[in-house]
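What follows is a single structure, written as structure tokens, with notes after it.
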Amino acid sequence: MTASPGPQLASRLGRLALRLLPLAALALGGLLLARRLETVDLGAVVPALGALPPTQWIGALLCTGLSLWALGQYDVVLHRAMGTGVEPRRARAAGIRAMAIAQTVGFGSLTGALVRWRSLPECDLWLVTRLSLWVSVSFMGALAMLGGLSLLLLDGRVLLATVLALAVIVLAPRLPRLPGLPQMRAGTLPRLIGWTAIDTCAAGAVIWLLLPQGVDVPVSAVVFAYLAALGAGLASQSPGGVGAFELCLLALLPQIAETDLVAAMLGYRLIYHAIPALLALALLVRPVAPVERPALLLATGTARHQAMARAPQAEWGLAHQGAAILLSRSLEHGWLVRRAGGTLTAIGEPLGRPCLTELRAHAQRAGLGVALYKGGARLAVQARRAGWAVERIATEAVIDLARWSPDRPACRNLRRKLKAAAKAGVRTELATGPLPLADMETVHGDWALRSGGERGFSMGRFCPELLGQQMVVLAWQGECLLGFASFHGGREEWTLDLMRQSAGAPDGTMRAAISTAIEAARAAGMARVSLAALPELPGWLPGWARARIAARPGCAGLEQFKRGFGPEWRPLYIAAPHRAGLLRAVIEIARAVHDPAPLSAEPPIADIEIGGRPVQKDPDTARRPIRLPVLRGAAPRFTDQTGPVHDRRAYTTSRNP
């Protein structure tokens with residue numbers, strides 16, 4: 001039995017009607033505009049334009065350039081939000097070309113997608129289609145918001161306009177992210193609204209500048225009318241908004257003689273539409289320049305394990321708990337990185353001698369700021385020479401195992417605590433088999449309740465998967481687990497990660513666990529043990545803020561605990577390309593440390609291989625296939641094989657104080 005052709009025919013007719021809608025809007029708008037212009041002396045329009053002085057034409061051209069530049073920045077913002085990895089310079093150029101042609105030809109999303117696809121060979125058609133769609137949707141939203149704010153401001157309701165604008169900017173990043181929607185970070189919406197405001201004000205100023213001399217009308221009135229007319233033109237979907245745009249301007253600016261206004265609109269079409277469109281078309285027929293590939297790649301598989309084996313410090317063990325590794329294409333240099341809000345943060349010392357410029361470029365492609373965190377003196381000097389802002393942020397307690405002994409005068413208090421723990425029957429050992437995870441989780445839960453929860457980012461978090469990669473010292477009293485301490489293991493050092501003990505643990509329990517780890521590291525041939533860092537609050541911080549931070553649970557007494565081992569103290573630094581970025585990094589890292597997201601919901605670090613797929617060897621002539629419907633194709637990275645992990649049995653020892 002065959003299906004009825006009725007529904008299929010209706011569906012086809014509906015799709016055809018949607019495709020013909022812009023042409024119908026153009027025809028209707030043109031007809032209405034022709035009737036509206038019947039009373040206008042069209043013969044006086046061209047002479048009115050010819051009478052304009054050169055300074056007004058030059059001003060109109062400059063405003064056109066500013067408007068198109070702002071539209072290009074719109075693309076930069078959305079490329080970053082979508083994590084495409086396209087350089088800002090290329091994204092801006094593609095956006096300018098796309099908008100110059102689309103606003104003249106019409107069919108904005110489709111035309112813009114095709115122009116961007118031609119301009120960005122590293123991106124597939126599905127990506128640029130989504131980008132063009134979100135450019136159109138977000139621009140319309142920003143335009144509507146600006147129009148509403150303009151109405152409130154013209155009505156004198158400045159306070160209400162300010163409150164509404166701030167509410168939208170603050171609440172937008174907190175809305176749930178829908179599938180396919182670019183990530184609306186804290187700064188995304190203000191940037192979109194700001195560039196839209198610059199674009200529309202500059203474009204409205206083009207019409208105002210092309211009005212004949214002697215026309216006394218404020219530029220604000222013309223810009224406000226332009227906002228409404230632009231919205232009407234975009235809603236009509238006719239090429240260039242022809243018809244709806246002109247009719248709306250004529251209705252909203254009755255104080256201007258119709259001949260003068262029509263002349264200004266004709267000049268606007270020439271300066272703002274025709275000339276940019278012709279230039280953009282000329283640029284499109286030129287061969288596309290070869291694409292510069294990212295200098296850093298997200299390490300996976302064998303390359304990741306090899307980087308871990310060559311890690312410059314044990315703290316690179318954070319890679320087992322969500323941190324990522326960025327490697328150069330030669331695999332010789334790299335960074336341990338983690339996101340803190342909108343900042344790509346390189347933690348600790350880098351592998352080899354990577355370039356700061358490459359790290360910054362990688363962050364910019366991903367739409368993130370960049371910072372170095374807890375780097376040593378050598379890295380701080382390198383950052384200063386590169387012009388970065390650098391501040392001392394912490395001090396690391398380091399034990400030199402070749403010289404350390406609990407019999408040193410500096411360890412007098414440590415010896416007393418160890419005797420107290422031994423008298424209470426505390427027994428410590430380095431775990432060599434399966435961990436008692438259930439008991440450890442109970443101890444951790446008890447500690448978290450007393451300490452206000454665990455910290456995050458570069459500080460230890462209870463994670464069974466990570467503990468399986470670490471050296472763990474257990475503290476017992478009979479068959480009862482009192483506490484435990486875990487350490488990242490490196491080539492030459494161990495670094496303290498977690499310290500957890502129950503409320504009833506005898507005095508000296510955790511000192512005994514750390515002492516056992518020190519002896520185990522010495523037996524394993526390590527050169528040093530790091531007891532991790534103590535935060536060093538900047539001097540410009542107000543006294544009340546310093547006191548509040550120092551009084552947080554877990555902070556008080558930590559310095560005294562570490563000093564009891566008589567360590568050496570090494571300064572650690574934070575750095576960013578400029579002071580504003582440094583302040584932003586400090587705030588976002590502090591938030592990530594003291595209010596961490598769940599381990600399963602940490603912000604990811606995407607691999608920004610350009611456009612989501614490898615670049616063709618000859619992008620000038622290669623045919624670019626249409627790849628639907630995935631946004632990011634599978635780009636070859638490094639071979640994905642399972643590499644070795646730390647074996648706690650290699651560091652077996654025990655100590656019974």
Side-chain angles (χ1 to χ4, degrees), residues 57-80 82 84-136 139 195-196 198-200 202-203 206 230 234 239-242 267-294 361 364-365 610-613 615-626:
W57 287 104
I58 293 174
L61 285 171
L62 292 176
C63 287
T64 297
L66 176 60
S67 175
L68 291 175
W69 175 270
L71 288 175
Q73 289 297 119
Y74 217 88
D75 269 52
V76 172
V77 173
L78 287 178
H79 271 283
R80 288 180 175 177
M82 295 177 69
T84 63
V86 176
E87 290 179 286
R89 174 180 55 85
R90 295 176 57 83
R92 185 187 307 111
I96 291 174
R97 286 195 285 266
M99 295 305 296
I101 294 175
Q103 68 184 3
T104 302
V105 177
F107 306 94
S109 298
L110 177 60
T111 305
L114 293 175
V115 174
R116 291 181 177 94
W117 189 38
R118 165 61 184 169
S119 302
L120 302 172
E122 64 268 35
C123 298
D124 57 41
L125 183 58
W126 177 239
L127 190 152
V128 295
T129 300
R130 289 207 324 155
L131 176 71
S132 299
L133 176 63
W134 285 116
V135 166
S136 300
F139 181 81
W195 290 119
T196 303
I198 294 173
D199 159 47
T200 51
V206 172
L230 180 62
L234 292 174
V242 173
Y268 166 82
R269 291 292 186 184
L270 174 65
I271 292 289
Y272 194 82
H273 283 233
I275 293 178
L278 291 175
L279 291 175
L281 285 171
L283 292 174
L284 281 182
V285 300
R286 298 175 57 191
V288 181
V291 180
E292 182 182 350
R293 304 186 70 179
Q364 288 177 337
R365 288 189 173 200
I610 317 176
R613 64 188 182 89
V615 183
Q616 310 242 2
K617 290 185 178 180
D618 185 8
D620 294 343
T621 59
R623 180 181 179 87
R624 295 178 296 279
I626 299 177

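The shown structure was predicted, so the numbers you read here are calculated from the model rather than taken from an experiment.
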Please report the closest heavy-atom contact between [X] and [Y], naming both atoms and the distance.
X      : Y      : value
Ala280 : Ile101 : CB-CG1, 3.7 Å
Gly72  : Ile96  : CA-CG1, 3.7 Å
Ser67  : Ala203 : OG-CB, 3.9 Å
Ala277 : Ala100 : CB-O, 3.6 Å

Next on the checklist: I'd like to check the side-chain hydrogen bond (donor to acceptor under 3.5 Å, both in side chains) partners of Gln364; sequence neighbours left out, ordered by chain and number.
Outcome noted: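 Per chain and number, Gln364 pairs via side-chain hydrogen bond (donor to acceptor under 3.5 Å, both in side chains) with no residue.
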Under the side-chain contact (heavy atoms from CB on, under 4.5 Å) test, which residues partner [X], sequence neighbours left out?
X      : answer
Leu283 : Arg97, Arg286
Ala70  : Trp195, Ile198, Asp199
Leu278 : none

To the nearest 0.5 angstrom, please state how far the [atom1] atom of [X] sits from the [atom2] atom of [Y].
X      : Y      : atom1 : atom2 : value
Leu61  : Leu66  : CG    : CG    : 12.5 Å
His79  : Cys123 : NE2   : SG    : 6.0 Å
Trp57  : Ile271 : CH2   : CD1   : 5.0 Å
Phe139 : Thr196 : CZ    : OG1   : 5.5 Å
Leu78  : Gln73  : CG    : CD    : 11.5 Å
Cys63  : Ile58  : SG    : CD1   : 12.0 Å

Item to check | Inter- and intrachain pairs under salt bridge (charged side-chain N to carboxylate O under 4.0 Å, His left out), touching residues 66-77, at least two apart | outcome: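 Listed once each, the pairs are Asp75-Arg116.
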Checklist entry - When you measure from the side chain of Thr64 to the backbone N and O of Ala60, does any donor-acceptor pair fall under 3.5 Å? => result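 Yes; judged by distance alone, with no hydrogens or angles, the pair exists.
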Item to check | Sidechain-backbone polar pair: Ser119 side chain, Ala94 backbone, donor-acceptor under 3.5 Å | outcome: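 Judged by distance alone, no pair lies under 3.5 Å.
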Item to check | Pairwise side-chain contact, Gln103 with Leu230, heavy-atom cut-off 4.5 Å (strictly under) | outcome: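 Side chain of Gln103 against side chain of Leu230, heavy atoms only: no contact under 4.5 Å found.
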Item to check | Residues in ring-ring contact (aromatic ring centres under 6.0 Å, His included) contact with Tyr268, at least two apart in sequence or another chain | outcome: Tyr226, Phe245, Tyr272, His273
